[in-house]
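I have placed the structure first, in the form of structure tokens, so that the comments after it can refer back to it.
Each ligand, and each atom within it, is numbered from 1 in the order the structure gives.
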Amino acid sequence: MKPVKDKISRRVADTSPSGIRKFFEMVLGTPGVLSLGVGEPDFVTPKPFIDRAIRELGEGMTSYTSNYGLLELREAISDYTVNRLKGPRYDPKKEILVTIGVSEAVDICMRSILDPGDEVIMVDPCYVSYLPMVTMAGGVPKLVHSSIENGFKITPEDIESAITPKTKAIILGYPANPTGASFSRNELIAISEIADSKDIIVISDEIYCRLTYTGPHTVFSSLSGMKDRTIYLNGLSKAYAMTGWRVGYACGNAEIIEAMMKVHQYSIMCAPIMGQFAAIEALKNGWSEMERMVASYAMRRRLILDGIKKIGLKCHEPEGAFYVFPSIKETGLSSDEFCRRLLTEEKVVVVPGSAFGACGEGHIRLCYAASINTINSALKKIKEFLNRI
Ligand SMILES: Cc1ncc(COP(=O)(O)O)c(C=O)c1O
């Protein structure tokens, strides 16, 4: 047999493993590490959501569900989108698909709309899965550069100049991982006008929509003429502290949702039934639990921003999510080297900005969904590290 590496598809072999994972693996099993690395709530899933899942399991609800997801959950998603998020009304029967987190939704969305060579515009730096999901689906990512100077935002002018005859879609993620950047309603309207005039699909990942601190969140598909053009992605992982339950959803034009359902049907079948029941409870009755957690993130956001300012690192004020993305350019170290040394010398985990794209170089991502003690101790150690190098 030829070497095994020759048996692996070029597409997969050419994709780098996630730069975030690499750091988690290094940390596993290292005692006494302070982590601001994982992008995950530090809350346990609220008890009423867990209880609902346990109750349903106890009553024998252990089967597959409809490929689209439980109808009760799709109805809850539809009502929640309109009543709580001021989004458009999606038909639970044909415009909503329940997925295994937004992760699966991004994947099947790309596989459903892209033909080989089709281009997808995205900002650099951005969430780690956007680029590989495009290339693995045979598409071509078109990166638009951003920086701390423009608040890490993609502008309508950037989009215009990235558009070619091959452009199929743009993926927006706001508030963003890793930068926390978000868009005002007017900024989104300007983007929607280009999408409309150039006839491109907008994939809008709004998983952090409840974690906003500086102004209201606008659901992209609620903008005039955008409902049919947008594939709206959201999920329970972040705002409802439900990462392990693996529930997300995609909403959009019935034909696109049907196409995504085909890929989902053959590769996944359905999201796990217990996660779907817990999600129903969260969306119907979990608003105050969610607000309690968001208030706590808002307080910790202030704490970490003040701490970073005191240390003397330049940092964009994030509008949402639970990350800060300060610059470490003045240290002269690459972000990878900075993070490795911070881990080995101070036992503090943060993620190198380069994991999110070339424009993330010179930055580090700190997740503040960690205890106040952990945040304070980690900041103290970062300060000691900076003083020493
Ligand atoms: C911007 C963004 N989108 C999607 C995801 C995936 O979330 P999940 O698959 O848990 O719904 C994440 C997780 O970190 C994220 O930050």
Sub-4.0 Å heavy-atom approach of Gly101 to ligand 1: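 Right, Gly101 reaches ligand 1.
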
Contact with ligand 1 for Arg246, non-hydrogen, under 4.0 angstrom: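 Within the 4.0 Å threshold, so yes.
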
Check: Tyr213 side chain, Val294 main-chain N or O, donor-acceptor pair, under 3.5 Å: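 Looks like no, no N/O pair under 3.5 Å.
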
Side-chain donor/acceptor of Thr218 to backbone N/O of Phe220, under 3.5 Å: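 Absent.
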
Other cluster members, Val12 - Ile/Leu/Val/Met/Phe/Trp/Tyr, side-chain contacts below 4.5 Å: Ile8

Fellow cluster residues of Ile100, listed by chain then number, with links counted only when side-chain atoms sit under 4.5 Å apart: Ile268

Nearest candidate to atom 4 (C) of ligand 1, where distance is taken over non-hydrogen atoms, out of Asp205, Asn234, Asp107: Asp205

Name the closest protein heavy atom to [atom], giving the residue it belongs to and the distance to 0.1 Å.
| atom | answer |
| --- | --- |
| atom 10 (O) of ligand 1 | Ser237 OG, 2.6 Å |
| atom 7 (O) of ligand 1 | Ile207 CD1, 3.4 Å |
| atom 13 (C) of ligand 1 | Lys238 NZ, 2.9 Å |
| atom 11 (O) of ligand 1 | Val102 N, 2.7 Å |

How far does [atom1] of [X] sit from [atom2] of [Y], to the nearest 0.5 angstrom?
| X | Y | atom1 | atom2 | value |
| --- | --- | --- | --- | --- |
| Leu283 | Leu73 | CG | CG | 6.5 Å |
| Arg229 | Ser221 | CZ | OG | 13.0 Å |
| Asn285 | Met290 | CG | CE | 12.5 Å |

Side chain, backbone, both or neither: the part of Ser103 lying under 4.0 Å from ligand 1 by heavy atom: both

Region of Tyr130 engaging ligand 1 - heavy atom pairs below 4.0 Å: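 Answer for Tyr130: side chain.
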
